[in-house]
Amino acid sequence: ESNFSAAGLHFYVKDRIIDRISLQLRDWLPDLALLGRFDRALFEELTGGDHRQSDDFWDYVVQQEWIELDRNAQRDEVWAVESHLRERLIAYYRDRDAAVLNLSRERASRILRKITLERPFEKLTPAYFEACLVLTRDMVEAAKWWGKVEAKLADAGRWDWGRSLTDLLLSDESVAGLPPDDKTSMFPLRPAILATHAAVNVHRSPERNQSVWTEVLENYNRHPDPVGRAILHYRAQAGQIACVRYKAGVFKPNDFTGFTSQFPEAPSGDPQFVATALGMIENLIETLENAEELDIAREVRPIRAQLPPVAP
């Protein structure tokens with residue numbers, strides 16, 4: 001019965017969509033289904049610029065009845081494949097031509113990694129980042145890409161954009177949403193995305209980060225890259241110190257029990273680690289200045305010792 005039902009759905013896709021479009025568009029149909037959303041520049045990147053001079057072909061693409069303007073995008077002229085038809089198209093290619101679908105997946109994920117790093121945020125939409133995480137199967141590659149995304153957010157100072165992006169990715173129905181029951185199915189990069197979310201919060205509502213860093217600390221070992229895992233562990237521990245800074249009231253000695261003695265081994269020399277360590281020392285000193293009966297130098301010394309030498 002399930003096979004019969006699938007055959008019926010596939011017949012609809014083939015009869016109403018695939019057989020009714022031009023051969024030119026048919027070549028790129030699985031890519032568009034996997035992308036979900038696209039703009040003209042992305043489409044031209046996908047097709048290799050074959051139709052760069054053809055306004056007629058672009059008009060033909062966006063005039064398909066199953067293509068609609070994405071009104072939720074944070075920029076103009078982003079188009080989307082209708083969600084229910086998109087699922088049917090992907091199911092069709094998965095059952096009827098898995099090899100083509102796999103090639104399209106590799107091509108689309110590669111292009112998304114490229115444009116999300118190269119384009120300014122004004123020419124992007126958060127949905128491109130979500131699609132990139134869904135389509136990239138190599139989690140180590142995805143982790144390295146996400147590290148570059150976070151660096152891009154920091155360099156541009158676009159924490160407003162970072163909030164929209166991390167809110168989307170961490171929402172229940174998105175790729176990095178928290179599994180309702182079984183944490184073993186947690187997306188491997190959820191802790192790294194949470195760390196970016198915490199970095200965003202620092203600029204608006206740092207007091208919200210306690211639960212965020214607690215979850216990162218509990219799940220940092222899911223990170224697929226060993227170096228990234230070590231940095232994430234260190235950041236989570238540093239985040240715990242930053243959260244104590246925003247704790248109400250006068251600090252007591254037991255507020256800091258274990259902070260400096262249980263620090264993970266630092267991946268010395270990594271630029272992100274150095275920035276994290278320096279920021280952590282700043283937070284620690286400011287926190288300890290408000291504490292009772294604590295020796296600031298004694299508390300800071302174990303962390304400062306892990307930093308690489310700084311040239312004069």
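Heads up: numbering here begins at 1 and tracks the sequence.
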Below 4.5 Å, heavy atoms only, C-beta onward: do [X] and [Y] meet side chain to side chain?
X	Y	answer
Val149	Leu165	yes
Val78	Leu69	no
Leu194	Arg190	yes
Ile21	Trp66	yes
Leu32	Leu25	yes
His233	His223	no

- prompt: Considering residues at least two apart in sequence or located in another chain, which fulfil the side-chain hydrogen bond (donor to acceptor under 3.5 Å, both in side chains) criterion with Gln64?
  reply: none

In terms of hydrophobic clusters joined by side-chain contacts under 4.5 Å, are [X] and [Y] together?
X	Y	answer
Leu217	Met186	no
Val62	Leu34	yes
Leu117	Leu135	yes

task: Tell me whether the centres of the aromatic rings in Trp213 and Tyr220 are closer together than 6.0 Å.
output: no

- request: Assess the pair Trp79 and Phe38: is the distance between their ring centroids shorter than 6.0 Å?
  value: no

Looking at [X] and [Y], would you say the former's side chain and the latter's main chain have a donor-acceptor pair under 3.5 Å?
X	Y	result
Asp15	Phe11	no
Arg26	Ile18	yes
Asn209	Ala198	yes
Ser109	Glu106	yes

field: Stepwise side-chain contact (heavy atoms from CB on, under 4.5 Å) test for Thr214 and Gln240
entry: CA-CA 7 Å; Thr214 297; Gln240 294 285 340; 3.5 Å; yes

Considering non-hydrogen atoms only, spot the tightest contact between [X] and [Y] and give its length.
X	Y	value
Arg113	Thr116	O-OG1, 3.2 Å
Trp146	Ala192	NE1-O, 3.6 Å
Leu101	Pro30	CD1-CB, 4.4 Å
Pro126	Trp161	N-CH2, 3.6 Å
Gly162	Val200	C-CG2, 3.8 Å
Ile90	Ala33	CD1-O, 3.7 Å

Gap between atom [atom2] of [Y] and atom [atom1] of [X] - 0.5 Å precision:
X	Y	atom1	atom2	result
Leu112	Glu45	CG	CD	10.0 Å
His197	Arg163	NE2	CZ	5.5 Å
Asp70	Glu77	CG	CD	11.5 Å
Arg86	His84	CZ	NE2	13.5 Å
Ile115	Leu124	CD1	CG	6.0 Å
Ile193	Leu170	CD1	CG	6.0 Å

- request: Give a yes or no on whether Lys144 atom NZ has more than 12 heavy-atom contacts from other residues, nucleotides or ligands under 6.0 Å away.
  value: no

- prompt: Within a radius of less than 6.0 Å around CZ of Arg20, do more than 12 heavy atoms belonging to other residues, nucleotides or ligands occur?
  reply: yes

Under 3.5 Å side-chain donor-acceptor pair for [X] and [Y]:
X	Y	value
Arg37	Thr125	no
Arg105	Asn102	no
Ser104	Trp28	no
Glu130	Ser174	yes

- prompt: Checking side-chain contact (heavy atoms from CB on, under 4.5 Å) for the pair Lys152/Phe121: CA distance, chi angles, key distance, verdict?
  reply: CA-CA 9 Å; Lys152 179 181 177 180; Phe121 287 110; 3.7 Å; yes

- request: Fit a plane to each ring of His203 and Trp159, take the angle between them on a 0 to 90° scale, and name the class: parallel (under 30°), tilted (30 to 60°) or perpendicular (over 60°).
  value: parallel

field: Ionic contact status for Arg235 with Glu150, cut-off 4.0 Å
entry: yes

task: Indicate yes or no: does Asp55 engage Arg40 in a salt bridge with an N to O separation below 4.0 Å.
output: yes

message: Set out, in order, the CA-CA distance, both residues' side-chain angles and the distance that settles salt bridge (charged side-chain N to carboxylate O under 4.0 Å, His left out) for Lys148 and Asp155, then state yes or no.
response: CA-CA 10 Å; Lys148 294 176 182 177; Asp155 291 344; over 6 Å; no

field: Aromatic Tyr12 / basic Arg88 pairing, under 6.0 angstrom, 45° off normal
entry: yes

task: Mark yes or no: Lys123 above the aromatic ring of Tyr128, with NZ or CZ under 6.0 Å from the six-membered ring centre and no more than 45 degrees from the axis.
output: no

field: Set of salt bridge (charged side-chain N to carboxylate O under 4.0 Å, His left out) partners for Asp27, sequence neighbours left out
entry: none

message: Assess the residue pair Leu133 and Trp145 against the criterion (side-chain contact (heavy atoms from CB on, under 4.5 Å)); give the C-alpha distance rounded to whole Å, side-chain angles, the decisive distance to 0.1 Å, and a yes or no.
response: CA-CA 9 Å; Leu133 287 171; Trp145 166 79; 3.5 Å; yes

query: Can you list the steps and then say if Glu215 with Leu178 is a side-chain contact (heavy atoms from CB on, under 4.5 Å)?
result: CA-CA 11 Å; Glu215 184 180 340; Leu178 185 64; 3.8 Å; yes

